[in-house]
There are 2 protein chains.
Amino acid sequence: MTRHDPASVPVPVVPSRVGDSAQCVALGQIIDRVADKWAVMTIGNLSTGSLRFNELMRRIPGVSHRMLTLTLRGLQRDGIVDRTAFATVPPRVDYALTELGKSLIEPLGALARWAESKQDQVLAARANYDTRMNP
Amino acid sequence: MTRHDPASVPVPVVPSRVGDSAQCVALGQIIDRVADKWAVMTIGNLSTGSLRFNELMRRIPGVSHRMLTLTLRGLQRDGIVDRTAFATVPPRVDYALTELGKSLIEPLGALARWAESKQDQVLAARANYDTRMNP
DNA sequence: CTGCATCCAAGGTGATACTG
DNA sequence: CAGTATCACCTTGGATGCAG
């Protein structure tokens with residue numbers, strides 16, 4: 001029966017101040033927003049420069065009008081995306097990453113690269129698990 | 001394939017082969033699984049060694065019995081977490097990261113560190129946005 | 001073109017109780 | 001202790017129509 005001594009264990013990946021659950025909750029909220037599928041794809045596409053709404057829509061396969069709107073609102077609210085509207089007709093709105101948003105490119109890119117490079121292993125494990133549980 | 005000139009556009013964060021939407025969808029699925037709030041916290045806590053079910057439950061603030069079960073199932077299915085059951089009484093089950101799971105520590109840690117270090121900026125932006133939209 | 005509101009179906013979530 | 005099942009809830013997401 002391994003009795004873990006809190007002082008002996010290395011720093012966990014998630015810097016969990018276990019005693020401060022509010023801290024963890026806040027972290028969870030941010031991770032939820034930032035690691036959302038649509039958010040990842042949106043940020044990924046904006047990482048190379050600003051784009052208009054429909055350009056984003058065309059580049060993100062499967063995203064609905066509504067979800068892209070909501071995602072952009074959330075990212076804008078969190079200071080990750082900057083929205084610039086031009087009072088032209090037809091209207092034109094540019095979305096771009098803020099400095100805060102740009103600082104997300106690296107960690108999010110690492111995650112995306114992981115997903116890409118390990119995709120085969122994950123899918124294989126998934127298929128294997130499924131056949132073993134449902135032969 | 002994209003008509004963008006590769007030389008003029010840096011590699012996007014999400015390596016989007018825009019023409020191959022199936023690729024993006026698969027990436028999205030994996031990111032959805034792996035970047036889930038509970039999954040991040042679970043992996044984070046397992047990054048320092050194996051833990052039993054209730055140990056995980058105690059360490060992850062706010063997670064319900066059910067969600068931890070489902071999260072662990074999903075991670076096990078994807079080959080990220082290894083489950084070892086001991087036929088003792090009372091039963092004992094250890095959860096540990098597989099090699100695949102360990103390879104997630106770095107990218108996920110980067111994301112968690114980002115969330116921690118930028119937390120203040122995000123919360124400030126959020127509060128600012130809210131007061132401007134709802135004075 | 002962009003964005004918001006509404007409706008509606010579908011799936012996720014928590015509480016609870018029960019089995020091995 | 002670990003896991004499953006059921007249920008009631010409620011958030012999520014897509015489709016659509018309309019407004020700026």
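First the proteins, then the strands, lettered A, B, ... as listed; each starts at 1. Just so it is clear, the model here is predicted, and its values are computed rather than measured. Reckoned from all heavy atoms, side chains included, excluding hydrogens, waters and symmetry mates.
- Listed by chain and number, the residues in a side chain to side chain donor-acceptor pair (under 3.5 Å) with A/W114 are B/S103 (sequence neighbours excluded).
- C/dC1 atom P lies 16 Å from atom CG of A/L72, rounded to whole Å.
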(request) Might you work through the side chain to side chain contact (heavy atoms under 4.5 Å, CB included) test for B/I30 and B/D78, ending with a clear yes or no? (result) CA-CA 9 Å; B/I30 291 180; B/D78 287 356; over 6 Å; no
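- As a whole-Å value, the separation of B/E55 CD from D/dC1 C1' is 11 Å.
- The residues A/E99 and A/K102 are annotated as salt-bridged, a charged nitrogen and a carboxylate oxygen being separated by less than 4.0 angstrom.
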(request) Please report the C-alpha distance between B/D130 and B/R132 in whole Å, then the side-chain angles of each, then the deciding distance to 0.1 Å, and finally whether the salt bridge (Lys or Arg N to Asp or Glu O under 4.0 Å) criterion is met. (result) CA-CA 5 Å; B/D130 288 346; B/R132 274 190 313 177; over 6 Å; no
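- Atom CE in A/M133 sits about 11 Å away from atom P in D/dG3, given to the nearest Å.
- Between the side chain of A/N54 and the backbone N or O of A/M57, no donor-acceptor pair lies under 3.5 Å.
- Checking the phosphate oxygens (OP1, OP2) of D/dA2, a side-chain nitrogen or oxygen of B/R52 falls inside 4.0 Å.
- Straight-line distance from the CZ atom of A/F86 to the P atom of C/dG3: 12 Å, rounded to whole Å.
- The residue A/Y95 sits close only to the backbone: its heavy atoms come under 4.0 Å of sugar-phosphate atoms, none of a base.
- The separation between A/N54 atom CG and C/dG3 atom P is 9 Å, rounded to whole Å.
- Across the protein-nucleic acid pair, A/L68 atom CG and D/dA15 atom P stand 14 Å apart, rounded to whole Å.
- By the criterion of side-chain heavy atoms lying less than 4.5 angstrom apart, applied directly or through intervening Ile, Leu, Val, Met, Phe, Trp or Tyr residues, A/L72 is grouped together with A/L51 in one hydrophobic cluster.
- Between B/K118 and B/D120 no salt bridge is recorded (no basic side-chain N to carboxylate O distance below 4.0 Å).
- C/dC4 atom C1' lies 11 Å from atom CZ of A/F53, rounded to whole Å.
- One finds a side-chain N or O of B/R83 lying less than 4.0 angstrom from the OP1 or OP2 phosphate oxygen of D/dG3.
- With rounding to whole Å, B/L56 atom CG is found 14 Å from D/dC1 atom P.
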(message) Does the protein touch nucleotides 8-20 of chain C at the base, only the backbone, or not at all? Give it as B, S and - per nucleotide, heavy atoms under 4.0 Å.
(response) -----BB-----B
